[in-house]
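Shown next, in structure tokens, is the structure this report addresses.
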Number of protein chains: 2
Amino acid sequence: MNIRDLIYLRAIARHGHFGKAAESCNVSQPTLSVQLQKLEADLGVTLIERTKRSAMLTPIGDRVLGLADDALGAVDAIRSITAEASDPFSGQFRFGSIPTISPFLVPDVLRALGGSFPRLQLVFRENITERLTEDLLNGDLDAAILATQPETPRLMAIPLYDEPLLVIYPIGHDLGALDHLDVSDLPLDQMILLSEGHCFRDQAVDLCRLKSRTTLAETSVTSLETIISLVVAGQGISIVPALAQSSGWLDRPNLGVKSLQNANATRQLNLTFRKTSPRRALLKAVAEQMHAVLN
Amino acid sequence: MNIRDLIYLRAIARHGHFGKAAESCNVSQPTLSVQLQKLEADLGVTLIERTKRSAMLTPIGDRVLGLADDALGAVDAIRSITAEASDPFSGQFRFGSIPTISPFLVPDVLRALGGSFPRLQLVFRENITERLTEDLLNGDLDAAILATQPETPRLMAIPLYDEPLLVIYPIGHDLGALDHLDVSDLPLDQMILLSEGHCFRDQAVDLCRLKSRTTLAETSVTSLETIISLVVAGQGISIVPALAQSSGWLDRPNLGVKSLQNANATRQLNLTFRKTSPRRALLKAVAEQMHAVLN
DNA sequence: GAATATTCATAGGTCAGGCCTATCATAATG
DNA sequence: CATTATGATAGGCCTGACCTATGAATATTC
């Protein structure tokens, strides 16, 4: 059986005439004649009763036609939705980012993407790198803004922004007296960090361990907001991404902010997605939009 | 697009693997690879995201698959109902007969057909010849038991029974005294006939006019039952088909019954159907059953 | 009722396209 | 780094869908 055969059947039933049906299908009359015979032979029943006067459906032919209409309807629906979706800048775009990026970035990014890609239906999801990576790999996510390089060759990343890391401390802290700040100057025992699982914690740890093996303070929390509050309250110092400052999160009384001189005191934000993703054009355009927002 | 393509898509989606999907479809892997590419090119979208690890559906691919399942379900249903219907002795059998036959014949015929063709769903309809013929021609009826020969070459008839015509009269009527009755003996002015439109009226008229042009009595009614009652009540005489007697309808006190000697005092019952009907085998078998019931 | 028209079926030939085997490129695995 | 697994590509074969030309049977017309 063939979709074409069902179309032919429908045409013959509608016109009650092989010749006119053939014309409506843009084929010759013998074609329809032969194809319908094959369909009938295939199914083992007579679908059309031929008269010199009219070609009319048999009862079973009528039931088959009803089902054929169902099938053809589904096929039309396939053509219809794929025609819409053939625009690469339409449909759902499901992306995520990590908690140390989303609060500073997502409002602007959503606004920018919504403006540039009006036919795109944006779905955003926040999670830690590990979970976002899983979702990327199993296809539940189209892209993610991450601060780490992909660990599997199945993912690839487009760089978005080299983000400096800043030290924050309570006003009156010794750090306030230093002109040029280096990682080695930081009192690691006063450091407040995010809890395990946040890549930003790992990055802070890596950065500090470069210069010192002193154990870090045990205090660990689950959001930058809490960390800032703790520092403001004089409970310790911390490292935060520069976007927090440009977003105004660090404009708090009693909070000192200093940049680090170390060359590697940055994290690289990137747009990560499956290397095999069929939406490369869209991803590239999205990355450009994000780059524009960030730089 | 092609039904096969949708089957391939479904197989690839189910197995997540071109090779296994190909095996399940009994084709080679390159076949699936190429056919899916063609389908994607045809629709203008990527349906499957290929990885060395797994072939997974894109979001649009998933929606297409859902519709493909609908289409394939309808196709399966077509195969299913046609497989059942390929038995020529199954499905609906819609037949009719005229009012001067049905009361004597239909109960026995329904019983006989029901016993011989248990998978046949019998639908019976009573009407006058003209309406039954219309229904036959437009396909609303598979066959009809008629007492007239088809007037159009599009219909054909299998003879079932040569039914004698009988004269009925009230006991005490002059006719009771005659040994051998001929049409010419009948007092036409006392004749009670069915109303216009009933073929049996026309046949009675034809039969009588052969011998006489005397006008017939104006009394005309719409059922044999009423005619018999009128004759019993002494209102006149009439002609009835022999089946009425074998069915016991004429076993009434005060009713005399005599056969006619004329050679043409019969009507021929036949099974009429479209010459183009695809159910010739069934019709032949049905006619044989009816013949057996009648003879 | 013979001639003409209409309609579906058949025949033969052409060509696209679906399928195969063989092979390649790339990625996962040990 | 070698091996295995997987999907893509190439080239050739062959089915089958399509066309034109024609036939057979029925309708219509004069």
Side-chain angles (χ1 to χ4, degrees), chain A residues 1-9 11-42 46-58 61 137-138 150-156 274-278, chain B residues 1-9 11-43 46-58 61 137 139 150-156 274-278 280:
Chain A
M1 201 190 316
N2 204 314
I3 291 173
R4 199 187 316 108
D5 297 335
L6 301 182
I7 293 174
Y8 290 168
L9 171 64
I12 296 169
R14 279 185 184 163
H15 292 90
H17 191 288
F18 279 68
K20 286 173 190 156
E23 193 179 357
S24 82
C25 292
N26 299 311
V27 294
S28 72
Q29 169 267 315
T31 298
L32 242 64
S33 213
V34 169
Q35 288 311 114
L36 187 70
Q37 284 177 49
K38 286 187 181 173
L39 178 61
E40 290 180 329
D42 178 25
T46 303
L47 301 172
I48 300 280
E49 187 174 326
R50 289 105 163 139
T51 309
K52 287 293 158 187
R53 166 171 308 277
S54 69
M56 65 185 175
L57 283 169
T58 60
L137 288 176
N138 66 28
E151 290 184 352
T152 158
R154 296 166 59 195
L155 296 179
M156 63 176 288
R274 288 184 303 285
K275 205 177 293 183
T276 55
S277 170
Chain B
M1 202 188 318
N2 202 314
I3 291 172
R4 198 187 317 109
D5 297 335
L6 300 182
I7 293 174
Y8 290 166
L9 171 63
I12 295 170
R14 279 186 184 163
H15 291 91
H17 191 286
F18 279 69
K20 286 172 190 156
E23 193 179 359
S24 81
C25 294
N26 298 311
V27 294
S28 71
Q29 170 267 314
T31 297
L32 241 63
S33 212
V34 169
Q35 288 310 114
L36 187 70
Q37 283 177 52
K38 286 187 181 171
L39 177 61
E40 289 180 329
D42 178 25
L43 297 178
T46 303
L47 301 172
I48 299 281
E49 189 174 325
R50 289 102 162 143
T51 308
K52 287 292 158 186
R53 166 171 309 276
S54 70
M56 65 185 177
L57 284 168
T58 60
L137 287 177
E151 289 184 353
T152 159
R154 296 167 57 195
L155 296 179
M156 64 175 290
R274 288 184 304 285
K275 206 178 290 183
T276 54
S277 170
R280 291 294 271 271

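We name chains A, B, ... by the order of the sequence lines, and we start the count at 1 in each one.
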Protein heavy-atom contacts under 4.0 Å, written 5' to 3' over nucleotides 5-15 of chain D as B (base), S (sugar-phosphate only) or - (none), form the string -BBBB------
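- Here NZ of Lys20(A) is found 13.5 Å from CD1 of Ile12(A). Values are rounded to the nearest 0.5 Å.
- Comparing the start and finish of the helix from dG1(C)-dC30(D) to dG30(C)-dC1(D), five pairs each, the helix axis swings through 30°, to the nearest 10 degrees.
- Counting 5' to 3', DNA chain C first comes under 4.0 angstrom of a heavy atom of chain B and last does so at the ends given by dG17(C) to dT29(C).
- Toward the 5′ end of DNA chain D lies the nearest nucleotide of Asn2(A), the other residue of the pair Arg154(B) and Asn2(A) mapping further downstream.
- Looking only at side-chain heavy atoms (C-beta outward), Arg274(B) and Leu155(B) come within less than 4.5 Å of each other.
- A pairwise comparison of heavy atoms in His15(B) and Ala21(B) identifies ND1-CA, 3.7 Å as the closest pair.
- Sequence neighbours left out, the pairs with a member in residues 22-33 of chain B that pass side chain to side chain donor-acceptor pair (under 3.5 Å) are Ser28(B)-Thr31(B).
- Using a 4.0 Å cut-off, some side-chain N or O of Lys38(A) falls inside it from OP1 or OP2 of dA17(D).
- Residues Phe18(A) and Leu36(A) come closest through the heavy atom pair CZ-CD2, 3.8 Å.
- Asp5(B) comes within 4.0 angstrom of nothing in the nucleic acid, heavy atoms only.
- Residues in residues 27-42 of chain B take part in these salt bridge (charged side-chain N to carboxylate O under 4.0 Å, His left out) pairs, two or more places apart or across chains: Arg79(A)-Asp42(B), Glu40(B)-Arg50(B).
- Leu39(A) places none of its side-chain heavy atoms less than 4.5 Å from the side chain of Tyr8(A).
- Inter-residue side-chain proximity for Arg154(B) and Thr276(B) is flagged as unmet; no heavy-atom pair is nearer than 4.5 Å.
- Asn2(B) pairs by the side chain to side chain donor-acceptor pair (under 3.5 Å) definition with nothing, not counting sequence neighbours.
- Each of Thr152(A) and Gln35(B) was assigned the nucleotide of DNA chain C with the nearest heavy atom; the assignment lying further toward the 5' end belongs to Gln35(B).
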Test side chain to side chain contact (heavy atoms under 4.5 Å, CB included) applied to Met56(B) and Ile48(B), step by step:
CA-CA 5 Å; Met56(B) 65 185 177; Ile48(B) 299 281; over 6 Å; no
